[in-house]
Amino acid sequence: MATEEHAFTLPGADLPQPDEDLRKRREAVVIEHTVAEGAWDIDGVIATFPRGGVYRVIPFEESPLIGEEAIKKGYFAELQKAFPVADHSLFHVHHTPTAVIVEAQFRAKQEADWRGIPNHGKTVDAPVAIFFHFDGDVLIDETLYFDMATFARQLA
């Protein structure tokens with residue numbers, strides 16, 4: 001994808017886009033995963049990773065959480081404790097050759113300290129981008145992007 005003015009090619013621009021069948025299969029996995037997360041069915045979330053789960057939570061600036069125990073203890077246990085009733089409103093989905101990207105809004109009332117943010121019983125309402133990376137139709141990892149400063153400011 002180079003132009004006459006710019007000799008820059010976007011990485012992956014040469015990869016084929018998923019066909020309708022692959023898109024539907026990937027979307028089914030994302031829906032199953034998201035429904036399980038919304039119900040705090042963490043075993044159901046883990047089951048959507050047939051090769052073993054990997055979570056990359058970019059704002060945490062930590063190594064990826066690899067495997068069931070790391071994901072349960074390093075992400076979901078503290079998240080569920082702090083935000084036991086959370087709403088994940090999904091509003092856009094994008095398909096790439098290797099991923100499904102979902103734009104969402106996370107809304108929840110804080111009910112316990114979380115990631116150094118003391119509990120003041122306030123509500124967070126912040127955008128989140130979730131990248132579900134696939135090998136064909138097999139989910140291989142989830143990468144979360146959100147602004148920790150927005151969370152901290154809204155919960156202060």
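For the single chain, residues carry numbers from 1 onward in sequence order. On a predicted model such as this, the values are computed, not experimentally measured, just so you know.
Leu79 is listed as a side-chain neighbour of Trp114, based on a closest heavy-atom distance under 4.5 Å. Within the 4.5 Å cutoff, the side chain of Phe60 has heavy atoms near those of the Arg115 side chain. Counting only heavy atoms from C-beta outward, the side chains of Val124 and Gln110 never approach each other to under 4.5 Å. With a 4.5 Å cut-off on side-chain heavy atoms, Arg23 and Gln17 do not count as touching.
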*Check the pair Thr123, Arg107 against side-chain hydrogen bond (donor to acceptor under 3.5 Å, both in side chains), reporting the backbone distance first and the verdict last.*
CA-CA 7 Å; Thr123 299; Arg107 293 179 192 88; over 6 Å; no
*Would you sort out whether Glu142 and His33 count as a side-chain hydrogen bond (donor to acceptor under 3.5 Å, both in side chains), showing the intermediate values?*
CA-CA 10 Å; Glu142 177 178 344; His33 182 99; 2.5 Å; yes
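In this structure, Asp137 does not pair ionically with Arg26, as no charged nitrogen and carboxylate oxygen lie closer than 4.0 Å. Ionic pairing of Glu61 and Arg56 is not present here: no N-O contact between side-chain nitrogen and carboxylate oxygen is shorter than 4.0 angstrom. Between Lys81 and Asp113 there is no salt bridge, since no side-chain N of the basic residue sits under 4.0 Å from a carboxylate O of the acidic one.
Counting only distance, with no hydrogens or angles, the side chain of Asp19 and the backbone of Leu22 share a donor-acceptor pair below 3.5 Å. Side-chain atoms of Thr34 do not come within 3.5 Å of backbone N or O of Ile31 as any donor-acceptor pair. In this structure a side-chain-to-backbone donor-acceptor pair under 3.5 Å is present from Lys122 to Ala156.
For the atom pair CD1 of Ile42 and CD of Glu68, the computed distance is 10.5 Å after rounding to the nearest 0.5 Å. Here the CD1-NE2 distance, from Ile130 to His88, works out to 7.5 Å after rounding to the nearest 0.5 Å. With values rounded to the nearest 0.5 angstrom, Thr48 atom OG1 is found 11.5 Å from Asp43 atom CG. Interatomic distance, CE of Met148 versus CZ of Arg153, reported as 13.0 Å (0.5 Å rounding). One finds the CZ atom of Arg51 at 11.5 Å from the CG atom of Asp141 (value rounded to the nearest 0.5 Å).
Residues Gln154 and Asp125 bring no donor and acceptor atom of their side chains to less than 3.5 Å of each other.
Two different hydrophobic clusters hold Ile101 and Ile140 under the rule that ILVMFWY side chains link at heavy-atom gaps under 4.5 Å.
In terms of heavy-atom proximity, Tyr145 sits nearest to Ile58 at CE2-CG1, 3.5 Å. The two residues Pro18 and His95 come nearest to each other via the heavy atoms CG-CB, 4.2 Å. Counting all heavy atoms, side chain and backbone alike, Ala108 lies closest to Val85 at CB-O, 3.5 Å. Closest approach of Leu155 to Ile117, counting heavy atoms only: CB-CG2, 3.8 Å. Heavy atoms only, all atoms of each residue included: Gly53 and Ile71 are closest at C-CD1, 3.5 Å. A pairwise comparison of heavy atoms in Leu139 and Pro50 identifies O-CD, 3.9 Å as the closest pair.
Between Phe146 and Phe151, the gap from one ring centroid to the other is short of 6.0 Å.
Within a 6.0 Å sphere centred on NZ of Lys72, other residues, nucleotides and ligands contribute more than 12 heavy atoms.
Results of the ring-ring contact (aromatic ring centres under 6.0 Å, His included) test with Tyr55 over Phe132, Tyr75, Phe131 single out Tyr75 as the only residue that passes.
Under the 30°/60° scheme for interplanar angles, the aromatic rings of Trp40 and Phe76 are found to stand perpendicular.
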